[in-house]
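Numbered from 1 within each chain, the chains take letters A, B, ... in sequence-line order.
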Protein chains: 2
Amino acid sequence: MTPDSPPADGGLRDRKKRRTRTALATAALRLVAEHGLDQVTVEEISAAADVSSRTFFNYFPSKDDALIGDQAALNARFVARLAEVPPEVPALAAVRAALGEVIEELQEDRELWLLRMDVVTRNPVLLPRLVSAGAEAERALTDVVAARVGVPADHGFPALLTTVTGAAFRLAALRWAATAGARSLADLVDEAFDALAAGLPDPGPARPSRPSRTPS
Amino acid sequence: MTPDSPPADGGLRDRKKRRTRTALATAALRLVAEHGLDQVTVEEISAAADVSSRTFFNYFPSKDDALIGDQAALNARFVARLAEVPPEVPALAAVRAALGEVIEELQEDRELWLLRMDVVTRNPVLLPRLVSAGAEAERALTDVVAARVGVPADHGFPALLTTVTGAAFRLAALRWAATAGARSLADLVDEAFDALAAGLPDPGPARPSRPSRTPS
DNA sequence: ACGAAACTTTGCACAGCCTGCAAGATCGCC
DNA sequence: GGCGATCTTGCAGGCTGTGCAAAGTTTCGT
């Protein structure tokens with residue numbers, strides 16, 4: 001009678017796996033946030049999640065990977081969104097649009113990501129692993145961009161666009177965490193992309209649109 | 001007391017140290033280029049340089065550091081050059097100008113750097129360690145830029161400029177090595193910075209300034 | 001419900017990276 | 001030659017990460 005339970009998603013086994021995975025990830029973030037990356041061992045993280053340290057490495061290939069989250073999946077979804085943007089939109093604007101949906105995903109786990117970015121800020125070794133975590137993801141991205149603007153794959157533009165926008169987005173995310181989310185991530189990303197689209201001109205000390213309050 | 005320098009340069013001891021250092025670095029590059037990063041141990045590198053593996057770690061804090069060269073020193077010289085550029089030059093152009101002198105330094109060890117970039121390309125784990133190797137150097141750079149354009153240190157522009165130009169330069173260096181130096185590094189850097197200054201517009205299949213040979 | 005099959009967890013052994021410490025070798029200088 | 005500073009080396013040890021096989025758990029067919 002019992003509705004033949006679909007094993008793929010609702011299965012007990014998968015729920016357990018997901019629970020341990022998040023338990024390990026959150027324990028890692030919490031401990032590293034408190035004590036620093038070098039002061040936390042895999043054994044301590046595993047103990048906090050009630051599994052053996054060997055099991056830790058069944059879930060994450062390295063200590064770092066437990067901290068940064070699944071950048072590859074995020075990147076894959078980003079590529080998919082990018083492919084959906086109408087092809088007549090210029091590449092830079094298309095990337096910004098596709099990022100908009102990634103930003104929404106981050107907002108859904110706001111606290112987690114703020115903590116994560118805080119950990120990364122205080123342990124800069126992790127910084128390079130954010131956005132474009134691997135050469136593979138990076139190349140998939142450049143391929144999509146190359147196809148979009150219609151240039152050969154060995155042209156410099158696609159690679160330049162992806163690496164530069166990746167850097168800009170990562171920086172925006174760090175600034176977002178630095179202010180504990182006071183300014184919205186979307187705002188900070190917009191600001192960075194506006195500067196990029198404008199050719200990175202010097203910002204005047206006095207802003208034209210709104211005068212600063214610097215005395216005389 | 002003797003304020004006159006310890007024989008910093010001509011002494012036998014310093015010559016020996018320099019020789020060991022370059023022996024370790026070149027042995028590391030040669031071995032890793034041939035067998036791959038994971039297939040080469042510190043012990044093998046040390047043996048190739050005729051020192052103990054313990055001595056290796058007296059020269060380099062990690063295996064990676066023997067491969068990437070002294071990015072910190074390079075970065076420091078870059079900051080110095082940047083400070084010498086007249087302050088009325090816009091920041092992006094100033095960075096490009098200062099990079100010109102860095103490029104000349106790389107040209108002086110052309111073969112070494114080509115090999116190094118080749119190794120980095122084939123072992124992408126090393127990629128993040130090029131340019132802006134540390135948070136410290138990065139911050140020194142942003143401080144100089146902030147002072148140059150006259151904005152507070154927490155403004156987003158200086159950090160954005162340094163991280164973006166760093167990414168662009170790194171990419172240019174990789175492309176340089178990918179073609180074994182067929183196109184000059186200066187050319188590739190110019191191309192990237194032109195695109196940045198123009199706001200990263202889509203490169204049309206037909207170029208406006210110089211008509212391409214595409215028919216019709 | 002029972003048991004086989006598939007999967008997960010765990011312990012163990014082991015290679016490799018990296019660090020602190022102390023002894024010994026080498027170099028600079030008088 | 002001899003003293004002090006510096007460099008090299010071996011040793012012990014902790015941590016990361018991997019392969020393997022035993023033990024435990026879930027799934028599925030009958």
Side-chain angles (χ1 to χ4, degrees), chain A residues 1-25 27-28 31-32 35-68 123 125-126 128-129 133-134, chain B residues 1-25 27-28 31-32 35-68 123 125-126 128-129 133-134:
Chain A
M1 179 66 79
T2 63
D4 30 298
S5 52
D9 204 28
L12 173 79
R13 187 165 267 169
D14 291 272
R15 257 180 295 138
K16 248 186 176 175
K17 275 188 74 174
R18 246 187 291 274
R19 244 189 302 145
T20 33
R21 166 172 280 267
T22 64
L24 282 171
L31 288 170
V32 171
H35 301 112
L37 182 58
D38 300 332
Q39 309 307 316
V40 176
T41 72
V42 170
E43 202 156 359
E44 291 167 331
I45 298 169
S46 310
D50 264 309
V51 292
S52 78
S53 53
R54 185 63 185 83
T55 295
F56 177 94
F57 289 108
N58 287 339
Y59 282 86
F60 302 101
S62 80
K63 190 165 72 170
D64 297 355
D65 286 285
L67 296 167
I68 60 172
N123 301 276
V125 184
L126 301 173
R129 316 222 29 195
Chain B
M1 292 301 154
T2 69
D4 40 40
S5 61
D9 203 29
L12 172 74
R13 185 164 264 167
D14 291 273
R15 259 180 294 138
K16 245 184 176 175
K17 275 187 74 175
R18 246 186 290 271
R19 245 189 301 146
T20 320
R21 168 172 277 268
T22 65
L24 282 170
L31 288 171
V32 171
H35 301 112
L37 182 59
D38 299 331
Q39 308 307 315
V40 176
T41 70
V42 169
E43 201 157 358
E44 291 168 330
I45 298 169
S46 309
D50 264 310
V51 293
S52 79
S53 52
R54 184 63 183 84
T55 296
F56 177 94
F57 289 107
N58 287 339
Y59 282 86
F60 302 101
S62 81
K63 190 165 74 169
D64 297 355
D65 286 285
L67 295 167
I68 59 172
N123 301 277
V125 184
L126 301 173
R129 317 223 24 197

(message) Ignoring hydrogens, what is the shortest heavy-atom contact between A/Phe56 and A/Ala66? Give both atom names and the distance.
(response) CZ-CB, 3.7 Å
(message) Given the structure, check if the side chain of A/Arg13 and the base of C/dT8 hold any donor-acceptor pair shorter than 3.5 Å.
(response) no
(request) Would you kindly give the CZ-to-C1' distance between A/Arg15 and D/dT26, to the nearest whole Å? (result) 12 Å
(message) At a heavy-atom distance below 4.0 Å, what parts of residues 36-50 of chain A sit against DNA chain C?
(response) none
(message) Please report the distance, rounded to the nearest Å, between CZ in A/Arg19 and P in C/dT8.
(response) 15 Å
(request) List for me each residue that meets side chain to side chain donor-acceptor pair (under 3.5 Å) alongside B/Thr22, sequence neighbours excluded, and say none if there are none. (result) none
(message) So which atom in A/Asp65 and which in A/Arg129 form the shortest heavy-atom distance, rounded to 0.1 Å?
(response) OD1-NH2, 3.0 Å
(request) Could you list by number each residue of residues 53-66 of chain B showing a heavy-atom separation from DNA chain D of less than 4.0 Å, or answer none if no residue does? (result) B/Arg54, B/Thr55, B/Asn58, B/Tyr59
(message) Would you say A/Lys17 places a side-chain N or O within less than 4.0 Å of OP1 or OP2 belonging to C/dT8?
(response) yes
(message) If I compare all heavy atoms of A/Val40 with all of A/Lys63, which pair ends up nearest, and what's the gap?
(response) O-NZ, 2.8 Å
(message) For B/Ser62 versus B/Phe57, what's the shortest heavy-atom pair and its separation?
(response) CA-CE2, 4.4 Å
(message) Can you list everything that forms a salt bridge (Lys or Arg N to Asp or Glu O under 4.0 Å) with A/Asp50? Sequence neighbours excluded, please.
(response) none
(message) In whole Å, I'd like the distance from the CG atom of A/Leu67 to the P atom of D/dT16.
(response) 12 Å
(message) Distance check needed: D/dT6 P versus B/Arg18 CZ, whole Å only.
(response) 16 Å
(request) Please determine which of A/Asp38, A/Asp64, A/Leu126, A/Asn123 meets the side-chain contact (heavy atoms from CB on, under 4.5 Å) test together with A/Val32. (result) A/Asn123
Show me, pair by pair, the donor-acceptor contacts under 3.5 angstrom made by side chains of residues 41-48 of chain B, not counting sequence neighbours?
unit_1	atom_1	unit_2	atom_2	d
B/Thr41	OG1	B/Glu43	N	3.4
B/Thr41	OG1	B/Glu44	N	3.1
B/Glu44	OE1	B/Thr41	N	2.9
B/Ser46	OG	B/Val42	O	2.7

(request) Walk me through it: do B/Leu37 and B/Leu67 pass the test side chain to side chain contact (heavy atoms under 4.5 Å, CB included)? (result) CA-CA 10 Å; B/Leu37 182 59; B/Leu67 295 167; 3.6 Å; yes
(message) Using every non-hydrogen atom in the two residues, find where B/Arg21 and B/Tyr59 come nearest and quote the distance to one decimal.
(response) NH2-O, 3.1 Å
(request) Note the angle between the end axes of the helix from C/dA1-D/dT30 to C/dC30-D/dG1, five pairs defining each, rounded to 10 degrees. (result) 20°
(message) Does a side-chain N or O of A/Lys16 approach OP1 or OP2 of D/dT25 to a distance below 4.0 Å, or not?
(response) no
